[in-house]
Structure formats: structure tokens, C-alpha cells
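Every number for a ligand or one of its atoms is a count from 1 in the order of the listing.
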Amino acid sequence: MTITENVKNVRAALDAAAVKAGREPREILLLAATKMNDAERVREAIEAGVDLCGENRVQEMLQKSAQGAYEGVPLHFIGHLQKNKVRQVVGLASLIHGVDSLALLEVISRESVKRGLVQDVLLEVNVASEPSKSGFTAEEIPAALEAASSFEGIFVRGLMTIPPKCQSPDENRPFFLAMRKLFVDNGRKKYDNVSMDFLSMGMSGDYAEAVACGANLVRVGTAIFGARNYDK
Ligand SMILES: *Cc1c(COP(=O)(O)O)cnc(C)c1O
């Protein structure tokens, strides 16, 4: 299977999941998780019609960005962002998905203000309260949004999560549904600088399930590019 064929297949599966859930297929954004794929492969995915690209590592993003890899679609940062790398990501990534602490939010805010821009971010939710994972717990989200609303240079556009690894897609259904509830409940409240536009969840193994549960942005790597070779 080529990247082009894979993108077509993923899109068809997303469309079907949306229709089955009574939603508009065009509401669902397909982000290509491009880590470890070179500029040429990224361009093929864009050509084939992905809506967005997402990178995990700052260095890789800078390098591929300089090569023009992402031309044509918005670039998101989906990895774990270290505070000392914020400077390199603010302004380059149109959306930073994994904001997992108020301390990180504060650093992003300071950098954005300095540069005279407003950075869109998603708050990361540790939806299963896994000790090994960063992110806000579901209970912490209202207070985090409240706090975020007072930071300058930040606009919170929604929530993201990486649920526990699982054997079958439906195992994560309770977590996806919990995310949807958090997204909807907090979307009803009015905070400054917060607009619940994106619910980012679902990866290669479970994107259809995530859409069935309310995701409107799925992050897909392997199902588009094939398995990543970590030995290279
Ligand atoms: C790599 C990655 C993905 C895509 O994972 P696949 O299982 O390859 O689809 C999605 N989200 C994040 C945060 C990632 O790092």
C-alpha cells in the first residue's frame, strides 16, 4: 500500500464512522502524525489530502519545516513539549496539542507575549489518571481552564488525550466518552480565551472508535505511513 492509498482508506473509514455517528464527515480533521517520515513522504500525505501535519520532536520539526515539508497544510506540535524548547515551537506550530501543566502554559504565554502573537493550544488530559503519564486529570480541567483564561498570549482551543495502550479499540471507549463529556461540559462554560473547538483523540488503532465517541481531530501515523522503524 502506498501513502496515497492509505490516506484514502483512512479518510473513507473516518467518513463512514462520522456518518454512522450522525455527524458531518467534513467536521473531522485528519492529522498526519509525521514523526520519523522524511519531507518527501510528508509531501505525499499532504498531496493525498490530509488536513494537518503533526510533529513530536522539535528538532525534527525545524529540520523538515526548513525543507518545506509541510507546505499546504497547518503544522501542529503533538509531542511532549519541554519548557526550554517552547521558543522554537511558538509561532511555528499553529496548534500545540500536549500542554500538560500550568507551568508550561505560563512559559508559552510569556514567549507569545514577547513575540506579539497569540498561541493556540490544547490542554492534555490524563484521562485514565495513569501515574506514568503527564497531563491534567479530568477533575483538574475546570481549574486549569480558569487559570488559562487569565494568561495573555494564549488561546485554548480544546482538549487532547492519549489513552492507555489497549488490545482492542473498544477498550478505550469509556475514556473517549469521558473526554467527550469533559469537552461538552466545559464548552458550555464561558471562559475568556477558551473556545472548545477541538477534541483531539484517536490514533491508528482506534480512530474510528474515537470519532464514534466525539473526536473531531484524529492523529494518525502508522495507518498512513506504515510501521515506524526505530532501529534506523
Ligand atoms: C505517534 C503519535 C500518534 C500516531 O500514532 P499511530 O499509532 O502511529 O497512529 C498520535 N499521537 C501522538 C501524540 C503521537 O506521538
Side-chain angles (χ1 to χ4, degrees), residues 1-14 17 28-38 41-42 44-46 48-62 64 69-70 73-82 85 89 93-101 104 120-128 130 132-136 157-172 175-176 179 198-232:
M1 285 287 204
T2 65
I3 290 170
T4 303
E5 287 168 326
N6 288 340
V7 169
K8 272 208 191 94
N9 290 339
V10 172
R11 182 73 80 178
L14 283 173
I28 318 294
L29 295 176
L30 172 56
L31 176 146
T34 49
K35 57 174 173 276
M36 302 178 70
N37 284 281
D38 63 20
R41 292 169 63 79
V42 174
E44 184 176 345
I46 294 170
V50 301
D51 299 302
L52 309 158
C53 285
E55 278 301 342
N56 285 72
R57 296 180 185 87
V58 174
Q59 213 45 48
E60 188 178 339
M61 179 168 85
L62 292 174
K64 277 146 74 175
Y70 313 112
V73 297
L75 171 63
H76 291 182
F77 188 78
I78 62 173
H80 179 74
L81 182 56
Q82 290 166 305
K85 300 215 168 131
V89 175
S94 62
L95 184 66
I96 300 174
H97 284 228
V99 175
D100 56 6
S101 71
L104 177 59
D120 282 349
V121 302
L122 303 181
L123 298 188
E124 180 168 359
V125 184
N126 182 356
V127 68
E130 294 169 275
S132 62
K133 265 191 200 153
S134 59
F136 300 95
R157 301 290 304 273
L159 304 175
M160 81 89 83
T161 196
I162 307 170
K165 281 213 166 57
C166 65
Q167 301 306 315
S168 80
D170 52 319
E171 272 173 50
N172 276 332
F175 297 124
F176 288 148
M179 285 296 295
F198 299 115
L199 180 54
S200 166
M201 60 185 190
M203 314 197 333
S204 290
D206 55 14
Y207 59 81
E209 198 66 37
V211 166
C213 296
N216 61 11
L217 195 170
V218 296
R219 309 176 309 264
V220 179
T222 309
I224 291 176
F225 298 106
R228 291 177 287 275
N229 181 358
Y230 286 94
D231 299 331
K232 265 200 298 196

* Leu75 backbone acceptor or donor facing Ser94 side chain under 3.5 Å -> yes
* Look only at the side chain of Arg219 and the backbone of Gly54, and say whether a donor-acceptor pair between them is shorter than 3.5 Å. => no
* Tell me the residues surrounding ligand 1, counting only those with a heavy atom closer than 4.0 angstrom, sorted by chain and number. => Ala33, Lys35, Asn56, Ile78, Ile162, Met203, Ser204, Arg219, Val220, Gly221, Thr222, Arg228
* Asked: Restricting to pairs with a member in residues 203-215, which pass side chain to side chain donor-acceptor pair (under 3.5 Å), not counting sequence neighbours?
  -> Arg173-Glu209
* Structure fact -> side chain to side chain donor-acceptor pair (under 3.5 Å) filter on Thr34, not counting sequence neighbours, yields Glu55
* Structure fact -> Residue set satisfying side chain to side chain donor-acceptor pair (under 3.5 Å) with Asp100, at least two apart, ordered chain then number -> His80, Ser134
* Asked: Has the side chain of Lys64 got a donor or acceptor atom that lies under 3.5 Å from a matching backbone atom of Lys35?
  -> no
